[in-house]
Asks: 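Before we start, here is the structure in question, set down as structure tokens.
Whatever order the structure lists ligands and atoms in, that order sets their numbers, starting from 1.
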Amino acid sequence: MSNVVYDVAIVGGGLAGINAGVTAWEEGLSTILIESSDEFGGKLRSDRDDEGFTYDRGFQVNFSSYDEIPVYAQGLLGDLAEPFSPGAKIVGCGELNQWDPLKSLFCKAVSLPDLLKLLKLNLFAKKWQGFQTRQAAHEFLVEFGFSPNCIAKFFTPFLGGIFLDRSLSFSARQFLKTWFFLSRGNTVTFSEGIQCLPGALLSEFALDPSNIETAFHKRLNSRVTSIVPSEGGLEVSTNSALIRARSVVIATDPSAAGHLLGQQFKADYKSSICLYFSSDKQITNGLNIVLNPTSTALINQLVPLSNVNPACAPKGKHLCSATIIGERPESDEELAVMAINEMNSWGMNLPPLEFKRAYRIKEAQLLQDPGFEENVPSIETHLSGVYLAGEMTTSSSINDALKSGRLAAEAALAYLKNK
Ligand SMILES: Cc1cc2nc3c(=O)[nH]c(=O)nc-3n(C[C@H](O)[C@H](O)[C@H](O)COP(=O)(O)OP(=O)(O)OC[C@H]3O[C@@H](n4cnc5c(N)ncnc54)[C@H](O)[C@@H]3O)c2cc1C
């Protein structure tokens with residue numbers, strides 16, 4: 001066992017763990033970030049194939065209004081792809097711009113009263129922080145006065161795609177919070193894929209390894225198996241080493257955190273399947289996502305990725321993703337055929353599509369039932385000097401994962417100062 005005792009050991013190298021590490025490191029603490037997989041990023045991973053296509057492991061976007069991305073990283077994110085157009089194309093209904101509803105007078109998913117309600121909702125969402133409710137999003141939208149047609153044709157696929165739940169039974173407060181961030185900026189991806197975000201956070205520029213005292217140490221392929229108090233601190237065992245630290249931040253998924261702390265955390269997730277298709281021709285025109293309002297939908301949304309980000313496909317090729325909500329028993333190839341048949345029935349004159357690959361994400365979004373916010377685990381744990389971070393302590397979003405990491409690192413810092 002090495003004699004090094006880190007100020008903070010962080011377990012889990014997703015966004016929460018990375019931001020906990022960055023926060024601790026910026027405070028001058030010696031920090032080690034321990035990740036069980038082969039790369040940092042957690043749920044934000046991208047793959048590039050030999051042909052030059054870039055695939056995110058599940059369709060994800062960043063909102064430019066997110067306020068937890070550290071300023072230094074914003075300049076390191078590489079080229080931003082073109083933002084998505086506000087609103088969406090809704091199959092069989094035309095285009096809807098929910099931020100500028102009066103431009104959507106001819107959209108068949110909304111009536112004039114719905115458009116006025118959208119204007120009202122955009123103002124109402126600004127107050128999401130003070131809005132206490134145990135309503136589900138569907139109940140809230142009905143009470144707010146949206147027509148059944150608007151809820152079925154627009155909100156169901158739009159919010160269904162964000163929360164991976166077309167029944168809209170998730171927390172209305174969480175919906176309002178998301179609506180607030182969506183309405184205040186652009187919806188963007190990164191030209192080299194969503195994994196640019198953890199990459200920028202961890203860039204060598206920001207985390208100067210030359211300062212040995214306070215260097216940011218990183219370990220991949222190291223699964224933490226136990227954390228036990230010992231004389232003068234904590235012993236963190238991985239599959240290959242014993243690491244000593246004065247404090248620990250656990251930023252894993254709920255089951256791993258429960259295992260390390262000897263307790264159980266609620267770990268119910270929504271799943272999704274992301275299918276990628278390429279074509280020699282542009283797949284749809286414009287920068288909008290395409291929503292499927294059909295009640296029997298297989299594909300919830302089609303996203304013309306190379307329209308917003310030409311760098312995700314090789315020259316002369318185009319790439320799109322199609323998201324299925326939930327799990328399916330069919331093989332990837334069977335799903336691809338079913339998806340192409342369904343998308344061809346939309347009357348959009350789609351070009352021939354070639355199936356590239358599928359990602360099945362079983363643990364995609366935490367179940368965010370009405371009132372879940374009151375029951376998320378606290379960042380304090382029963383072990384002195386050990387803090388919890390990650391989406392399980394806040395909610396499933398890039399911004400909240402980053403925030404949870406910052407808060408846990410601040411708690412560890414306060415603990416070390418008072419020791
Ligand atoms: C398909 C999909 C779409 C999404 N869309 C959006 C979106 O559009 N916008 C948005 O804001 N958010 C979106 N999210 C949510 C967002 O990506 C997550 O909330 C966020 O990335 C969670 O970060 P985290 O650090 O809390 O957890 P994770 O990313 O899950 O990181 C946990 C890390 O801990 C590691 N780990 C686990 N056990 C151990 C152990 N014992 N030892 C060491 N390491 C361990 C894991 O390998 C992992 O890297 C989406 C998520 C998915 C999956």
Asks: Can you confirm whether the side chains of Y359 and R357 place a donor and an acceptor under 3.5 Å from each other?
Replies: yes

Asks: Please write down residue, atom name and distance for the protein heavy atom closest to atom 44 (N) of ligand 1.
Replies: S36 N, 3.1 Å

Asks: T296 and T294: side-chain donor and acceptor closer than 3.5 Å?
Replies: no

Asks: Hey, which atoms in ligand 1 end up nearer than 4.0 Å to a heavy atom of A364?
Replies: 51 (C), 52 (C), 53 (C)

Asks: Could you check F140 against F131 for ring-ring contact (aromatic ring centres under 6.0 Å, His included), going step by step and ending with a plain yes or no?
Replies: CA-CA 12 Å; F140 170 83; F131 182 62; 5.7 Å; yes

Asks: Among all protein heavy atoms, pick out the one at the shortest distance from atom 29 (O) of ligand 1; state its residue, atom name and that distance to 0.1 Å.
Replies: K43 N, 2.8 Å

Asks: Check ligand 1 against G390 and write out every atom of the ligand that is under 4.0 Å from a heavy-atom position of the residue.
Replies: 26 (O)

Asks: Which atoms of ligand 1 have any heavy atom of V11 under 4.0 Å away?
Replies: 42 (N), 43 (C)

Asks: Quick check on atom 21 (O) of ligand 1 - does any protein heavy atom sit closer than 4.0 Å to it?
Replies: yes

Asks: Backbone N or O of I194 within a donor-acceptor pair of the D56 side chain at under 3.5 Å?
Replies: yes

Asks: Any side-chain to backbone donor/acceptor pair from N300 onto P157? Under 3.5 Å, distance only.
Replies: yes

Asks: Taking non-hydrogen atoms only, is A401 closer than 4.0 angstrom to ligand 1 via side chain, backbone, both or neither?
Replies: side chain

Asks: In the protein, which heavy atom is nearest to atom 26 (O) of ligand 1, and how far is it?
Replies: E391 N, 2.8 Å

Asks: Can you tell me the protein heavy atom closest to atom 7 (C) of ligand 1 and the distance?
Replies: V61 O, 3.4 Å

Asks: Please report which non-hydrogen protein atom sits nearest to atom 25 (O) of ligand 1, along with the residue it belongs to and the distance in Å to one decimal place.
Replies: A16 N, 3.0 Å

Asks: Does a side chain donor of either Q195 or E39 reach within less than 3.5 Å of an acceptor in the other side chain?
Replies: yes

Asks: For atom 51 (C) of ligand 1, state which one of Q60, M392, E35, E39 supplies the nearest heavy atom.
Replies: Q60

Asks: With heavy atoms of L44 as the reference, note each atom of ligand 1 found under 4.0 Å away.
Replies: 17 (O), 21 (O)

Asks: Give a yes or no on whether R184 atom CZ has more than 12 heavy-atom contacts from other residues, nucleotides or ligands under 6.0 Å away.
Replies: no

Asks: Whether the side chain of D7 engages the backbone of L29 through a donor-acceptor N/O pair (distance < 3.5 Å, no angle test) should be reported.
Replies: no

Asks: Hey, is A256 touching ligand 1 through its side chain, its backbone, both or neither, going by heavy atoms under 4.0 Å?
Replies: side chain

Asks: Within the side chain of N307, is there an N or O that forms a donor-acceptor pair under 3.5 Å with the backbone of L287?
Replies: no

Asks: Could you establish whether F63 and ligand 1 come within less than 4.0 Å of each other, counting only heavy atoms on the residue side?
Replies: no

Asks: Between the candidates G17, S395, G12, A251, which shows the shortest non-hydrogen contact distance to atom 32 (C) of ligand 1?
Replies: A251

Asks: If you draw a 6.0 Å radius around CD in Q264, do more than 12 non-hydrogen atoms from other residues or ligands fall strictly inside?
Replies: no

Asks: For atom 11 (O) of ligand 1, what is the nearest protein heavy atom, given as residue, atom name and distance?
Replies: Y66 OH, 2.6 Å

Asks: What is the closest protein heavy atom to atom 41 (N) of ligand 1, and at what distance does it sit?
Replies: V224 O, 3.1 Å

Asks: Using a 4.0 Å cut-off to any heavy atom of L15, which atoms of ligand 1 qualify?
Replies: 25 (O)

Asks: Counting heavy atoms only, which part of C274 comes closer than 4.0 Å to ligand 1: side chain, backbone, both or neither?
Replies: neither

Asks: Which residue owns the protein heavy atom closest to atom 37 (C) of ligand 1, what's the atom, and how far is it?
Replies: D253 OD1, 3.3 Å

Asks: Does F181 have its ring centroid less than 6.0 Å away from the ring centroid of F63?
Replies: no

Asks: Provide the number and element of each atom of ligand 1 under 4.0 Å from a heavy atom of G42.
Replies: 29 (O), 31 (O), 48 (C), 49 (O)

Asks: Select one of side chain, backbone, both or neither to describe which atoms of I34 lie under 4.0 Å from any atom of ligand 1, heavy atoms only.
Replies: backbone

